Amino acid sequence: MGYSSDLGTLEFELGVKTLERWLIKPEKTMSIAIAIPRERAQDERRVALSPAGAQILTEQGIRVIIESKAGIFCNFHDHDYAEAGAVIASSPEELYEEANVIVKVSPPQPEEMALFQPGQILISAVHLGTVTHQMLKTLSDKNITAIGFEFIETRDGELPIVRTLSEIAGSLAIQTAAKYLETGYGGSGILLGGIAGVPPAHVTIIGAGTVGLFAAQDALGLGAQVTVIDKEINRLRRFEAFFNRHLVTAIANDHYIAELARISDVMIGALSPKQKLSKPLVSEQVVKTMKPGSVIIDVSIDQSPCFGTSRHTTHTNPIYVKHGVTHYCVPNIPSAVAKTATYALTNTLLPFLQKLKEHQTIAEILWKSHSLRKGAYLYKGYVTKKVLAELTGFPFREIDMLLASASE
């Protein structure tokens, strides 16, 4: 009888201890050191984190290391970051060796690939239009876990970083179009908003997403005539309701695109990264029918071209003329307002960077954070986004399957 009682007590005590082990969250978490390199992509003037963002992270126990002069184009100086608690690295080699998380704006450049250390986390833009098999292979060989701005998604389907940068790109698209319509830039000499007795310019926006929303808002604010086209009728309904029918909407089929190209002074490609194109939506033949001196702004160029005549340009050489039409196809448009873009990017990135220190392993970070899991495009040597695998021929695996197998 005493034996049974003692055994029962032992079982009870073991059960309590086991329960406590599962209920009490372990205090140990991953030690996070975040590196912010100076951007090396052509004309990339932004930096991934402002001094204020660095201060917030360091106050929470996250080490922030920033390469010297990384924020110079935003008028953020090394002493600003040092006062915020960040460590200033004098060379990129020092920066990459000291950190386990690399956060940058543009995708890694060829000269940066050798700097990555095995097992690091990379958080940056991907730019589907320029990603290569070699880039993915180099990162994969070093067992890099890569998370893309374009893929980070909240539970309600929102792409928070894409949205933030798209707001800037949409507004800049209209400012840029207005400039290149001017006679001095080879445009048709039309004032975007017109004046009393003189009709305004006609702006066609292709894509009823965030870029389209902010482009339409700014164009209407200046007094332009605006038409928005999209393949999804529900998106167009939302636009009509939002703007109280002050713009025209049309389904993006060949007929409407051809009709609008002939009458438009400005056409803006504003497709969402989620809208995959097998070919440009506006063919070269249709571009040929546009009025001389009209303007194309292809905001979508970093993912895939919206126009058959689009090719990448830079902030240094932003335009070219083809078939009498001025083309502006800069992939990193928000870099033109580097300081505003950096503040906006910091505000959006901070909540995700703060999540990194809450867990013990990379697998746990991805498993517990829906947004970062959705954002991962490279993990354990596999591409975890089908669109990237199709573009590069790289082996594809579902991220959930990889995480589940790692936990077994």
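Just so it is clear, the structure is predicted and the values come from calculations on it, not from any experiment.
- Taking NZ of Lys339 as the reference point, atom CZ of Phe76 lies at 5.5 Å (rounded to 0.5 Å).
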(message) side-chain contact (heavy atoms from CB on, under 4.5 Å) for Thr130 and Asp302? Distances and angles first, verdict last.
(response) CA-CA 7 Å; Thr130 59; Asp302 59 339; over 6 Å; no
Worksheet entry | side chain to side chain donor-acceptor pair (under 3.5 Å) between His202 and Thr227, intermediate numbers included | CA-CA 8 Å; His202 186 227; Thr227 300; 3.0 Å; yes
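- Although no hydrogens or angles enter the test, the distance criterion places no donor-acceptor pair under 3.5 Å between the side chain of Asn244 and the main chain of His246.
- At least one donor-acceptor pair under 3.5 Å links the side chain of Glu44 to the backbone N or O of Arg46.
- Note: Asp218 CG to Ile174 CD1 = 6.5 Å, rounded to the nearest 0.5 Å.
- Listed for the Asp298 side chain is no donor-acceptor partner under 3.5 Å among the backbone atoms of Pro305.
- For the pair Lys385 and Phe151, the cation-pi test (distance below 6.0 Å, angle within 45°) is passed.
- Among all heavy-atom pairs drawn from Met267 and Met290, the shortest one is CG-CE, 3.7 Å.
- Between Val47 and Ile36, some side-chain heavy-atom pair lies under the 4.5 Å cut-off.
- Expressed to the nearest 0.5 Å, how far CD of Glu153 lies from NZ of Lys374 amounts to 4.5 Å.
- Note: Tyr382 OH to Leu402 CG = 7.0 Å, rounded to the nearest 0.5 Å.
- In this structure, the side chain of Glu150 engages the main chain of His127 through a donor-acceptor pair within 3.5 Å.
- Here the shortest heavy-atom pairing between Leu271 and Cys306 reads CD1-SG, 4.0 Å.
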Could you go through Lys355 and Ile365, starting from their C-alpha distance and side-chain angles, then the distance that decides it, and tell me whether this counts as side-chain contact (heavy atoms from CB on, under 4.5 Å)? CA-CA 8 Å; Lys355 286 180 184 293; Ile365 288 169; 5.9 Å; no
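- Ionic pairing of Glu398 and Lys386 is not present here: no N-O contact between side-chain nitrogen and carboxylate oxygen is shorter than 4.0 angstrom.
- Looking at Asn347, its side chain does come within 3.5 Å of a backbone N or O of Tyr343 through a donor-acceptor pair.
- With values rounded to the nearest 0.5 angstrom, Gln60 atom CD is found 11.0 Å from Leu356 atom CG.
- When every heavy atom of Val383 is checked against every heavy atom of Leu136, the shortest pair comes out as CG2-CD1, 3.7 Å.
- Aromatic pair Tyr377/Phe396: centroids not less than 6.0 angstrom apart.
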Between Thr289 and Gln285, does the side chain to side chain donor-acceptor pair (under 3.5 Å) criterion hold? Intermediate values first, please. CA-CA 7 Å; Thr289 68; Gln285 287 302 115; over 6 Å; no
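- No hydrogens or angles considered: nothing links the side chains of Ser171 and Gln175 as a donor-acceptor pair under 3.5 Å.
- Under the side-chain hydrogen bond (donor to acceptor under 3.5 Å, both in side chains) test applied with Thr210, the options Glu158, Glu167, Arg163 reduce to a single match, Arg163.
- Side-chain contact check for Thr392 versus Thr132: every heavy-atom pair is 4.5 Å or farther apart.
- No side-chain heavy atom of His327 sits under 4.5 Å from any side-chain heavy atom of Thr313.
- At distances below 3.5 Å, at least one donor-acceptor pair connects side-chain atoms of Thr348 with backbone N or O atoms of Ala344.
- The closest donor-acceptor contact from the side chain of Glu112 to the backbone of Gln109 lies under 3.5 Å.
- With hydrogens and angles ignored, the 3.5 Å screen pairs a side-chain donor or acceptor of Tyr320 with a backbone N or O of Arg311.
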message: The test is salt bridge (charged side-chain N to carboxylate O under 4.0 Å, His left out); show your working for Arg40 and Glu67 and say whether it passes.
response: CA-CA 12 Å; Arg40 285 165 169 78; Glu67 187 178 349; 2.6 Å; yes
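- Residues Phe307 and Val286 fail the side-chain proximity criterion, which asks for heavy atoms closer than 4.5 Å.
- Annotation: the span from Arg238 atom CZ to Ile233 atom CD1 amounts to 11.0 Å, rounded to 0.5 Å.
- No option in Val103, Ile32, Leu49 other than Leu49 meets the side-chain contact (heavy atoms from CB on, under 4.5 Å) test with Val64.
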Derivation of the side-chain contact (heavy atoms from CB on, under 4.5 Å) call for Tyr379 and Leu403 | CA-CA 9 Å; Tyr379 181 65; Leu403 290 169; 3.7 Å; yes
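- The shortest side-chain heavy-atom distance between Ile144 and Ile121 does not fall under the 4.5 Å cut-off.
- In plain terms, the two heavy atoms of Ala86 and Thr58 that are nearest each other are N-CG2, 4.3 Å.
- Atom CZ of Phe243 has more than 12 heavy atoms from other residues, nucleotides or ligands within 6.0 Å.
- No donor-acceptor distance shorter than 3.5 angstrom exists from the side chain of Lys322 to the backbone of Glu284, with no hydrogens or angles considered.
- Between Ile147 and Leu378 there is no side-chain heavy-atom pair separated by less than 4.5 Å.
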Inset, instruction - Evaluate the criterion side-chain contact (heavy atoms from CB on, under 4.5 Å) for residue pair Leu353 and Ile62; output intermediate values, then yes/no. - result: CA-CA 9 Å; Leu353 299 181; Ile62 296 175; 5.6 Å; no
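- When all heavy atoms of Ile65 and Leu95 are compared, the pair lying nearest together is O-CD1, 3.4 Å.
- With a 6.0 Å radius and a threshold of 12 heavy atoms from other residues, nucleotides or ligands, Lys288 has its NZ atom above the threshold.
- Using a 4.0 Å cut-off between charged side-chain N and carboxylate O, Lys291 and Asp265 make a salt bridge.
- Side-chain atoms of Glu39 and Lys104, non-hydrogen and from C-beta on, do get closer than 4.5 Å to each other.
- Cation-pi check for Lys179 over Tyr185 is met; the charged atom lies under 6.0 angstrom from the ring centroid and within 45 degrees of its normal.
- When all heavy atoms are compared, the tightest approach of Leu236 to Ile229 is CD2-C, 4.1 Å.
- The aromatic rings of Phe116 and Tyr96 stand perpendicular to each other, their planes meeting at an angle above 60°, with 30° marking the opposite boundary.
- Other residues, nucleotides and ligands contribute at most 12 non-hydrogen atoms within 6.0 Å of the CG atom of Asp254.
- Not a single donor-acceptor pair under 3.5 Å links the side chain of Asn332 to the backbone N or O of Ser335.
- You'll find the side chain of Val337 reaches within 4.5 Å of the side chain of Ile168, heavy atoms only.
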